[in-house]
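Note sheet for the following structure.
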Amino acid sequence: MPTRAIIVAAGMGRRLAPYTDDRPKCLVEVNGRSILERQIEAYRRSGVEEICVVRGYRAEDIRFPDLRYFENPDYRTNNILASLMRAEAAMEGGFYFSYSDIVFRPEVVARLVADEAGCGLVVDRRWHEAYEGRDQHPVSEAELAAIDEATHEVRAVGKRVVPREHAHGEFIGLAKFSAGVADRMRREYHRLAAERGKDAPFGTAPRFEVAYVSDMLNHLIGLGECFRSVDIDGGWREIDTTQDLHRAREIVDW
């Protein structure tokens with residue numbers, strides 16, 4: 001099992017302004033504690049002690065002790081996949097991964113850690129409940145996942161990739177990668193970058209440079225890699241807009 005987590009926290013979080021005018025999105029507080037503090041606690045309660053953070057926007061503000069830091073100085077022009085790859089030195093041996101704008105109960109991490117599959121994507125089966133009245137972040141922005149019901153393996157994941165009627169749930173942005181798949185991801189990223197260049201389309205992204213992690217996940221699935229759906233029923237929230245933040249403050253009790 002992996003022993004470290006990589007949290008991608010490089011983006012500017014424009015849709016959370018003015019809360020992100022003077023801090024990175026991960027340092028925005030939800031009921032007295034920042035999103036990043038909540039993730040650190042959740043990981044460590046499941047025994048994941050080594051935590052790496054990819055910084056970009058206002059990097060100097062993210063300075064928690066006992067964390068390992070990586071930098072993405074090009075955060076204004078690239079996206080989450082490129083940010084993750086800035087931490088490729090920490091991928092050896094496998095790793096846990098999370099977006100920096102989600103809060104989740106410690107039990108959610110525990111469920112992912114305990115799952116026997118080498119690779120897993122946490123998928124919320126009650127995803128639609130979070131979109132009721134969520135008009136600043138429409139359903140079209142959800143990274144929905146389709147699975148093979150017989151094997152529980154993820155067949156496709158991402159925005160506008162899986163029709164709502166075929167969705168098993170929403171990928172929340174928390175995942176586990178085995179050592180072998182982490183190594184293949186690194187090799188494929190560099191191969192694709194060399195062969196296609198940063199301006200060629202990749203997955204749903206108009207340019208490889210601005211690809212999402214879900215674009216790489218679908219690429220790896222197409223190559224035969226298996227990701228198990230680790231199902232949850234709520235217990236998390238994405239903080240992408242000011243509306244999300246206000247709603248989260250009303251319901252987050254962990």
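Between the CG atom in Asn78 and the CG atom in Asn72 there is a gap of 4.0 Å [rounded to 0.5 Å]. The structure places OG of Ser83 at 11.0 Å from CD of Glu71, a figure rounded to the nearest 0.5 Å. Here the straight-line distance linking atom CG of Asp66 with atom CZ of Arg68 works out to 14.0 Å at 0.5 Å rounding. Between atom CD of residue Gln136 and atom CD of residue Glu141 there is a gap of 12.5 Å, rounded to the nearest 0.5 Å. We find the NE2-CD1 distance between His246 and Ile239 to be 10.5 Å, quoted to the nearest 0.5 Å. Here CG of Leu27 is found 9.5 Å from CG of Asp22. Values are rounded to the nearest 0.5 Å.
Side chains of Ile7 and Cys26 form no contact here, defined as non-hydrogen atoms less than 4.5 Å apart. With contacts defined as side-chain heavy-atom distances shorter than 4.5 Å, the pair Thr77/Glu209 qualifies. With a 4.5 Å cut-off on side-chain heavy atoms, Glu170 and Trp236 count as touching. Using a 4.5 Å heavy-atom threshold, the side chains of Phe177 and Met91 count as separate. Looking at Lys198 and Arg207, their side chains never come closer than 4.5 Å, going by heavy atoms from C-beta outward. Between Met12 and Thr20, every side-chain heavy-atom pair lies at or beyond the 4.5 Å cut-off. Annotation: side chain of Ser34 is in contact with side chain of Phe64 (closest heavy-atom distance under 4.5 Å). Gln39 has its side chain out of reach of Ile51: every pair of non-hydrogen atoms, C-beta onward, lies at least 4.5 Å apart.
A 6.0 Å sphere centred on CZ of Arg249 holds more than 12 heavy atoms belonging to other residues, nucleotides or ligands. A 6.0 Å sphere centred on NZ of Lys159 holds more than 12 heavy atoms belonging to other residues, nucleotides or ligands. Atom CD of Glu116 is surrounded by 12 or fewer heavy atoms from other residues, nucleotides or ligands within 6.0 Å. Environment of CZ in Phe97: crowded, with over 12 heavy atoms of neighbouring residues, nucleotides or ligands closer than 6.0 Å.
The backbone N or O of Pro201 sits less than 3.5 Å from a side-chain atom of Arg196, completing a donor-acceptor pair. Side chain of Lys176 to backbone of Pro2: no donor-acceptor contact under 3.5 angstrom is found. Judged by distance alone, the side chain of Arg160 and the main-chain N or O of Thr204 form no donor-acceptor pair under 3.5 Å. Put simply, the side chain of Gln243 gets close to the backbone of Asp135: a donor and an acceptor are under 3.5 Å apart. Using a distance-only test at 3.5 Å, with no hydrogens or angles considered, no donor-acceptor pair links the side chain of Ser178 to the main chain of Gly94. Within the 3.5 Å criterion, the main-chain N or O of Tyr212 finds a donor-acceptor partner in the side chain of Asp215.
Between Arg111 and Glu107 there is no salt bridge, since none of the side-chain N atoms of the basic residue sits less than 4.0 Å from a carboxylate O of the acidic one. At a threshold of 4.0 Å, the pair Arg247-Glu250 does not count as salt-bridged, since none of the basic side-chain nitrogens sits closer than that to a carboxylate oxygen. The pair Arg187-Asp183 counts as a salt bridge, with a side-chain nitrogen and a carboxylate oxygen less than 4.0 angstrom apart. Ion pairing between a basic and an acidic side chain is recognised when a charged N comes within 4.0 Å of a carboxylate O; Asp148 and Arg155 show such pairing. Ion pairing between Asp253 and Arg105 holds under the 4.0 Å rule for side-chain N and carboxylate O.
When every heavy atom of Arg186 is checked against every heavy atom of His190, the shortest pair comes out as O-CD2, 3.1 Å. Of all the heavy atoms in Ile147 and Ser229, the pair that sits closest is CG2-CB, 3.8 Å. Heavy-atom minimum distance, Ala9 versus Val53: CB-CG1, 3.9 Å.
Qualifying salt bridge (Lys or Arg N to Asp or Glu O under 4.0 Å) partners for Glu49, counting only residues two or more places apart in sequence or in other chains: Arg44. Residues passing the side-chain hydrogen bond (donor to acceptor under 3.5 Å, both in side chains) test with Arg134, sequence neighbours excluded: Tyr131, Glu238, Asp244.
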Requested in this report: Just do the salt bridge (Lys or Arg N to Asp or Glu O under 4.0 Å) check on Arg125 and Asp233 with the steps written out, would you?
Outcome: CA-CA 5 Å; Arg125 293 179 294 193; Asp233 296 304; 2.7 Å; yes
Requested in this report: Kindly determine whether Glu60 and Arg58 satisfy side chain to side chain contact (heavy atoms under 4.5 Å, CB included), including the steps that lead there.
Outcome: CA-CA 5 Å; Glu60 68 281 358; Arg58 299 188 67 94; 4.2 Å; yes
Requested in this report: Begin from the C-alpha positions of Arg38 and Glu41 and carry the test salt bridge (Lys or Arg N to Asp or Glu O under 4.0 Å) through to its verdict.
Outcome: CA-CA 5 Å; Arg38 290 173 174 276; Glu41 179 187 357; over 6 Å; no
Query - Intermediate values then yes/no, side chain to side chain contact (heavy atoms under 4.5 Å, CB included), Met1 and Tyr96 - result: CA-CA 9 Å; Met1 286 293 147; Tyr96 297 97; 4.3 Å; yes
Requested in this report: Show your reasoning for whether side chain to side chain contact (heavy atoms under 4.5 Å, CB included) applies to Cys119 and Glu225.
Outcome: CA-CA 9 Å; Cys119 296; Glu225 299 293 353; over 6 Å; no
Report task. Using the salt bridge (Lys or Arg N to Asp or Glu O under 4.0 Å) rule, take Asp101 and Lys25 through it: C-alpha gap first, then chi angles, then the decisive distance, then the call. Result -> CA-CA 7 Å; Asp101 63 353; Lys25 185 191 288 191; 3.2 Å; yes
Requested in this report: Please test Leu84 against Met185 for side chain to side chain contact (heavy atoms under 4.5 Å, CB included), starting from the C-alpha separation and ending with a verdict.
Outcome: CA-CA 11 Å; Leu84 173 60; Met185 179 192 293; 4.1 Å; yes
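Sequence neighbours left out, the pairs with a member in residues 3-18 that pass side chain to side chain donor-acceptor pair (under 3.5 Å) are Arg4-Glu50, Arg15-Asp240.
For Ser98 and Tyr43, the side-chain atoms include at least one donor-acceptor pair closer than 3.5 Å.
Tracing side-chain contacts under 4.5 Å through hydrophobic residues (I, L, V, M, F, W, Y), one never reaches Ile62 starting from Val28; they form parts of separate clusters. Under the 4.5 Å side-chain heavy-atom criterion for grouping Ile, Leu, Val, Met, Phe, Trp and Tyr, Ile6 is connected to Val181 within one hydrophobic cluster. Criterion: ILVMFWY side-chain heavy atoms under 4.5 Å apart, direct or through other members. Under it, Val154 and Phe95 are part of a common hydrophobic cluster. Val252 and Val122 fall into different hydrophobic clusters, where Ile, Leu, Val, Met, Phe, Trp and Tyr are joined by side-chain heavy atoms under 4.5 Å apart, directly or via other members. Cluster membership for Phe202 and Val161, using ILVMFWY side-chain heavy atoms within less than 4.5 angstrom, is not shared.
A cation-pi arrangement is not found for Arg86 relative to Phe70, the charged atom failing to lie both closer than 6.0 Å to the ring centre and inside a 45° cone about the ring normal.
Under the side-chain contact (heavy atoms from CB on, under 4.5 Å) test applied with Ser214, the options Ile80, Val157, Leu121, Leu144 reduce to a single match, Val157.
Aromatic ring centres of Phe104 and Tyr99: separated by at least 6.0 Å.
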